[in-house]
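Every chain is numbered from 1, with letters handed out A, B, ... down the list of sequences.
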2 protein chains.
Amino acid sequence: MKINSNIRYGLRAIIEIANSPKPVLQREIAERQEISLNYLDSIIAGLKNSGLIVNSGGKGSGYILAKKAKDITVYQVYCAFSPDLQLVNCFCDTNECQRSNNCPSKDYWFELNSKIKELMSSKTIKELMNNDILINQ
Amino acid sequence: MKINSNIRYGLRAIIEIANSPKPVLQREIAERQEISLNYLDSIIAGLKNSGLIVNSGGKGSGYILAKKAKDITVYQVYCAFSPDLQLVNCFCDTNECQRSNNCPSKDYWFELNSKIKELMSSKTIKELMNNDILINQ
DNA sequence: TTTACATCCAACTAATTCAGTTGGATAACT
DNA sequence: AGTTATCCAACTGAATTAGTTGGATGTAAA
């Protein structure tokens, strides 16, 4: 079990945006977070397409959060880069496992899955922000 | 985030062993769980090398749990096939990330990591066993 | 209006991991 | 001796990861 780079970088990027008193350019995020600008491109796209960040007003003007930091969860950031969490395929729609109806391990994985989702859904970007910054809350 | 096949099959195999009133052969597990006998080989090796199961009395005699089902956790099964859970490398020994000292996302991943470990450590094989079976507890 | 900057976007790639398979050694039981 | 069971290492195709490359497009400053 690993958290992939998209999600790790995505979380760092959105925290960077949340912490900034003014709109932030991709380049600034890339520099501060030491992520290749090109790679960050797709990270920003993920956050943007998921409706978590927006361009503040046309090109070159920088990114801001699309909603309040307290209303953005880590799980939303996770889902910007991965489909809904499914630790195993046993409970996927496309699953054809015959044993599914009576499988104690499947039940356990499902339970664990729910709890992990819950853990990620209950942490907001606001809680991960720099305490000094009091905007965007 | 996915649970890999080794761990999924390993959990199923050890539940199978726990549920059985008598020692179980690899072949029997393979048949009942519909896992290729050859592949199961390495699964059994993992469980055995981690001290979770033992040969009940030399070759051909079948496997039994090495300790009581209530003393074997899902996390122990996890660790039979993967190193200690580390969702991200930020807190690995070999990590050289400079930002580590003051990184809110690192702190969050660490917290999540601990909680997931806890969730896996607090579930025992006994809880996953068939209720009808009352041995090995 | 040209030019520089910034974003958008698709295709490519090397390296690693996954999910097994193959094949054989060894050991015990019949 | 032959069958069965376990042990063990090497191999493999497919998929995923973690990016890079290169260019199109759109905006704003010079």
*Rounded to the Å, how far apart are B/Arg8 CZ and C/dC18 P?*
12 Å
*Report which part of the nucleic acid B/Tyr9 touches: base, sugar-phosphate, or nothing (heavy-atom distance under 4.0 Å, all strands).*
sugar-phosphate
*For the pair made of CG in A/Leu37 and P in D/dT21, what is the distance, rounded to whole Å?*
13 Å
Might you list the N or O atoms of the protein lying below 3.5 Å from N or O atoms in nucleotides 2-5 of chain D, with each pair's distance?
| from | atom 1 | to | atom 2 | distance (Å) |
| --- | --- | --- | --- | --- |
| D/dA5 | OP1 | B/Arg27 | NH2 | 3.1 |
| D/dA5 | OP2 | B/Arg27 | NE | 3.1 |

*For the student: nearest non-hydrogen atoms of B/Leu119 and B/Ser122, plus distance*: O-OG, 3.3 Å
*Considering only NZ, NE, NH1 and NH2 on the basic side and carboxylate oxygens on the acidic side, decide whether B/Arg12 and B/Glu16 come within less than 4.0 Å.*
no
*Whole-Å distance between D/dT17 C1' and A/Lys2 NZ?*
13 Å
*Would you mind classifying the nucleic acid contact of A/Ser42 as base, sugar-phosphate or nothing, using non-hydrogen atoms under 4.0 angstrom?*
nothing
*Between D/dT17 atom P and A/Ile7 atom CD1, what is the distance in whole Å?*
9 Å
*Does the side chain of B/Tyr108 come within less than 4.5 Å of B/Pro104's, by heavy atoms?*
no
*Between atom CG in A/Asn89 and atom C1' in C/dC18, what is the gap in whole Å?*
13 Å
*Say you draw a straight line from CG of B/Leu47 to CD1 of B/Ile53; how long is it, rounded to the nearest 0.5 Å?*
4.5 Å
*On DNA chain D, check which nucleotide each of B/Tyr63 and A/Tyr39 is closest to and give me the residue with the more 5' one.*
B/Tyr63
Sort me out a list of protein N/O and nucleotides 8-14 of chain D N/O pairs below 3.5 Å, or just none if empty.
| from | atom 1 | to | atom 2 | distance (Å) |
| --- | --- | --- | --- | --- |
| D/dC8 | N4 | B/Asp41 | OD2 | 2.8 |

*Can you tell me if A/Asn113 uses its side chain to pair, donor with acceptor, with the backbone of A/Leu85 under 3.5 Å?*
yes
*How far does CD1 of B/Ile43 sit from CG of B/Leu11, to the nearest 0.5 angstrom?*
11.0 Å
*Salt bridge or not for A/Lys115 and A/Glu111, using N-O below 4.0 Å?*
yes
*Look at the side chain of A/Lys126 and the backbone N and O of A/Asp71, then say whether any donor-acceptor pair between them is shorter than 3.5 Å.*
no
*Under 6.0 Å from the OH atom of B/Tyr39, do we count more than 12 heavy atoms belonging to anything else shown?*
yes
*Can you tell which of C/dA19, C/dT21, C/dC8 lies closest to the side chain of B/Asn4?*
C/dA19
